[in-house]
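Report on the following structure.
Atoms within each ligand, like the ligands themselves, are counted from 1 in listed order. Note that the structure is predicted; figures quoted are calculated from it, not measured.
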Amino acid sequence: MNTRHHPSPDILAAYAAGALAPGFGLVVGAHIESCSACRVQVGAFEAASGAALEALPDADISGDALTRVMARLDEPAQHIAPPDTRPLLQRLSLKPRRWVAPGVWVAAVDTPHAPEDRVYLLSIAPGMPTARHEHSGAEFCTVLQGAYRDELGVFSAGDFAAADGDFNHQPVVEGDEACVCLFATEGRLKAHGVIGRLAFAFANV
Ligand SMILES: [Zn+2]
């Protein structure tokens with residue numbers, strides 16, 4: 001996978017620290033799953049923050065702390081679920097896919113731990129115009145399949161894009177395959193044009 005667009009170091013550091021809103025973390029995670037360079041960087045940030053924790057002075061173990069730790073050793077082992085190693089797309093909990101125009105569908109992603117996040121998959125067939133839209137807040141996007149082009153260049157599978165409130169763009173699908181993207185947005189998008197308004201209204205995103 002030829003990934004050309006990566007999250008900024010600030011975003012990767014926030015991801016490593018678990019400081020991103022869950023929906024935004026999901027979109028960064030989708031990029032990292034396919035990008036070994038960013039996986040290495042996130043690992044370095046995690047190691048750096050682990051070293052910072054180790055550098056803290058030891059806590060004063062007083063009172064019954066040791067007794068409580070020893071008591072826990074006698075408790076039955078907790079069941080630990082094996083890590084879910086399926087690709088991210090298969091782990092997403094998707095709401096029903098809604099066709100909002102010929103060749104365009106949207107599926108909201110259930111984020112039970114962060115109901116205020118708006119996370120969704122958007123698929124646009126080749127040749128379909130997308131909605132020129134403005135952002136009222138931050139938007140993260142990772143391309144899962146196909147490619148699109150906007151003022152910043154071509155974004156293909158694995159590429160990551162972040163936009164803020166001042167960005168106004170109209171992506172165009174590249175190639176002959178539908179472009180599927182995973183989005184997280186903060187605030188509602190203001191779409192221009194019929195398809196955009198329909199898409200965002202039907203998807204309730
Ligand atoms: Zn990357």
Side-chain angles (χ1 to χ4, degrees), residues 1-53 82-94 106-111 113-114 117-124 126 130 133-135 137-187 189 205:
M1 204 171 279
N2 182 17
T3 303
R4 286 152 296 196
H5 301 279
H6 306 268
S8 67
D10 283 355
I11 291 174
L12 291 177
Y15 177 85
L20 291 177
F24 286 76
L26 202 60
V27 178
V28 176
H31 169 81
I32 286 170
E33 197 169 81
S34 69
C35 179
S36 55
C38 285
R39 272 202 303 278
V40 168
Q41 258 203 292
V42 166
F45 283 127
E46 285 170 349
S49 60
L53 281 179
D84 191 342
T85 55
R86 290 175 297 160
L88 184 106
L89 196 53
Q90 291 171 27
R91 281 182 273 137
L92 294 178
S93 167
L94 294 174
V106 182
V109 177
D110 232 348
T111 49
H113 303 300
D117 284 4
R118 297 178 185 283
V119 187
Y120 55 98
L121 283 179
L122 175 64
S123 175
I124 299 174
T130 63
H133 57 278
E134 293 165 19
H135 299 263
E139 176 188 283
F140 281 8
C141 165
T142 292
V143 181
L144 301 179
Q145 175 197 298
Y148 74 83
R149 173 192 293 276
D150 71 5
E151 289 83 342
L152 298 176
V154 174
F155 291 74
S156 52
D159 280 336
F160 175 88
D164 63 22
D166 301 325
F167 193 47
N168 172 340
H169 68 152
Q170 181 165 26
V172 175
V173 175
E174 284 265 300
D176 52 11
E177 178 178 38
C179 182
V180 182
C181 295
L182 179 66
F183 283 95
T185 64
E186 186 187 76
L189 296 180
V205 295

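Residue pairs meeting the side chain to side chain donor-acceptor pair (under 3.5 Å) criterion with at least one partner in residues 173-182, sequence neighbours excluded, are R149-E174.
In H31, the N, O or S atom that comes nearest to the Zn ion (ligand 1) is NE2. Its N, O or S atom nearest to the Zn ion (ligand 1) is what matters here, and for H6 that atom is ND1.
A side-chain contact (heavy atoms from CB on, under 4.5 Å) with I32 is found for exactly one of V42, V27, T142, namely V42. Screening V154, V143, D159 against Y148 for a side-chain contact (heavy atoms from CB on, under 4.5 Å) leaves a single residue, V143.
Around the Zn ion (ligand 1), the two atoms SG of C35 and SG of C38 are separated by an angle of 110°, to 10 degrees.
Checked against side-chain contact (heavy atoms from CB on, under 4.5 Å), S8 has the following partners two or more places apart in sequence or in another chain: D10, I11.
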